[in-house]
Trainee: 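What follows is a single structure, and I will ask about it in a moment.
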Amino acid sequence: EEKDAEEKKKADVSFFRLLQFNKPEWPLYLPGIIAALLHGAATPFQGYLTVEVLDSLYGPKDVMKDDVTFTTILFCICGGALLFVTACQFSCFGILGEALTARLRMALMTNIFRQEVGFHDDPDHTPALLGTGLQLWAYRVKNLNAAVGALC
């Protein structure tokens with residue numbers, strides 16, 4: 001139990017240290033976050049437009065037709081903008097996630113290859129365990145970045 005606590009303490013890595021692996025792609029965070037904010041604002045805006053359509057149904061027929069036509073045009077503009085914004089959001093965070101995962105895998109492999117030969121003789125460091133660890137750590141970091149993209 002003490003060994004598990006010691007390994008967990010060694011494995012704790014700050015989020016900002018992980019972000020350092022993405023330093024060349026940092027400019028992609030701004031358009032990704034802006035696109036995520038716009039994507040999140042689309043649903044309330046569509047709700048507002050729906051209320052406007054329902055509200056216009058209670059007016060005179062000639063005004064109603066103009067209001068519904070205008071609101072329909074706004075719905076179409078919102079849909080086109082949402083298409084662009086969603087593509088921008090997911091492409092930015094996808095690029096960020098793939099770059100982070102690739103750099104992290106390279107750093108982990110480099111550190112494994114730097115170890116002394118005796119490191120690999122330890123039963124806790126068999127090639128199968130190291131390979132599984134590489135796969136698991138990279139998968140977790142990729143999911144972490146996907147979660148950050150989803151939260152935005």
Side-chain angles (χ1 to χ4, degrees), residues 1 3-114 125 127-152:
E1 191 173 300
K3 186 178 179 182
D4 291 337
E6 182 179 317
E7 285 182 16
K8 181 170 176 21
K9 186 177 180 182
K10 287 181 185 178
D12 286 341
V13 179
S14 73
F15 182 69
F16 296 107
R17 184 167 176 209
L18 285 175
L19 283 179
Q20 293 297 319
F21 281 98
N22 256 3
K23 204 166 194 173
E25 287 84 19
W26 277 2
L28 289 175
Y29 274 109
L30 184 63
I33 289 173
I34 291 172
L37 290 173
L38 291 174
H39 187 224
T43 304
F45 182 67
Q46 289 172 346
Y48 171 76
L49 291 178
T50 303
V51 169
E52 286 294 316
V53 167
L54 293 174
D55 190 37
S56 68
L57 294 176
Y58 292 108
K61 287 193 177 198
D62 55 340
V63 176
M64 178 180 65
K65 183 179 180 197
D66 293 337
D67 287 347
V68 171
T69 303
F70 178 71
T71 308
T72 304
I73 291 170
L74 287 179
F75 264 117
C76 291
I77 291 171
C78 182
L82 197 56
L83 176 71
F84 172 74
V85 163
T86 304
C88 180
Q89 175 190 356
F90 286 108
S91 63
C92 285
F93 283 112
I95 291 168
L96 287 165
E98 290 300 320
L100 177 64
T101 304
R103 284 198 187 90
L104 184 65
R105 283 182 177 161
M106 288 298 294
L108 289 171
M109 284 297 289
T110 302
N111 284 331
I112 286 174
F113 289 146
R114 283 187 189 152
H125 303 133
L129 287 175
L130 292 174
T132 304
L134 285 171
Q135 181 182 9
L136 183 65
W137 296 327
Y139 176 73
R140 286 179 180 169
V141 169
K142 186 175 181 180
N143 283 344
L144 172 73
N145 202 29
V148 169
L151 287 176
C152 291

Trainee: If the condition is salt bridge (charged side-chain N to carboxylate O under 4.0 Å, His left out), which residues does Glu98 pass it with, not counting sequence neighbours?
Mentor: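 Lys142.
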Trainee: Supply the atom-to-atom distance Cys78 SG to Leu83 CG, rounded to the nearest 0.5 angstrom.
Mentor: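 Rounded to the nearest 0.5 Å, the SG-CG separation comes out at 11.5 Å.
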Trainee: Pairs of donor and acceptor atoms involving the side chains of residues 43-53, under 3.5 Å and at least two apart or interchain, shall be tabulated with distances.
Mentor:
unit_1, atom_1, unit_2, atom_2, d
Tyr48, OH, Glu52, OE2, 3.3
Thr50, OG1, Gln46, O, 2.8

Trainee: Looking at CZ of Arg105 and CG of Leu100, how far apart are the two atoms once the value is rounded to the nearest 0.5 Å?
Mentor: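 The CG atom of Leu100 is 10.5 Å from CZ of Arg105, to the nearest 0.5 Å.
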Trainee: Quick check: closest heavy atoms across Ala107 and Phe21, and the distance to 0.1 Å?
Mentor: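 Shortest heavy-atom contact: CB-CE2, 3.6 Å.
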Trainee: At their closest point, which heavy atom of Thr86 faces which heavy atom of Leu82, and how far apart are they?
Mentor: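 In terms of heavy atoms, the two residues are closest at OG1-O, 2.7 Å.
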Trainee: Mind checking the CG-CG spacing from Leu134 to Leu129? Nearest 0.5 Å is all I need.
Mentor: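 Reported value, rounded in 0.5 Å steps: 11.0 Å.
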Trainee: Locate the shortest heavy-atom distance separating Gly32 from Gln89; write the atom from each residue and the value.
Mentor: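 Closest approach of Gly32 to Gln89, heavy atoms only: O-CG, 4.2 Å.
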Trainee: Search all heavy atoms of Pro31 against all heavy atoms of Cys88 and return the closest pair with its distance.
Mentor: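 Looking at all heavy atoms of both residues, the shortest contact is O-SG, 4.0 Å.
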Trainee: About how many Å separate CD1 of Ile95 and CZ of Phe93, when rounded to the nearest 0.5 Å?
Mentor: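 Nearest 0.5 Å value for the CZ-CD1 distance: 11.5 Å.
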Trainee: Kindly give the heavy-atom pair with the smallest separation between Val68 and Ser56, and that separation in Å.
Mentor: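 Where Val68 meets Ser56 most closely, the heavy atoms are CG2-OG, 3.4 Å.
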Trainee: Roughly how far, to the nearest 0.5 Å, is CG of Asp67 from OG1 of Thr71?
Mentor: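 These two atoms lie 6.0 Å from each other.
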Trainee: Determine whether more than 12 heavy atoms belonging to other residues, nucleotides or ligands lie under 6.0 Å from atom CD of Gln135.
Mentor: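 At most 12 heavy atoms, drawn from other residues, nucleotides or ligands, come within 6.0 Å of this atom.
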Trainee: Rounded to the nearest 0.5 Å, how far apart are CH2 of Trp137 and OG1 of Thr132?
Mentor: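 Going from CH2 on Trp137 over to OG1 on Thr132, the span is 10.0 Å.
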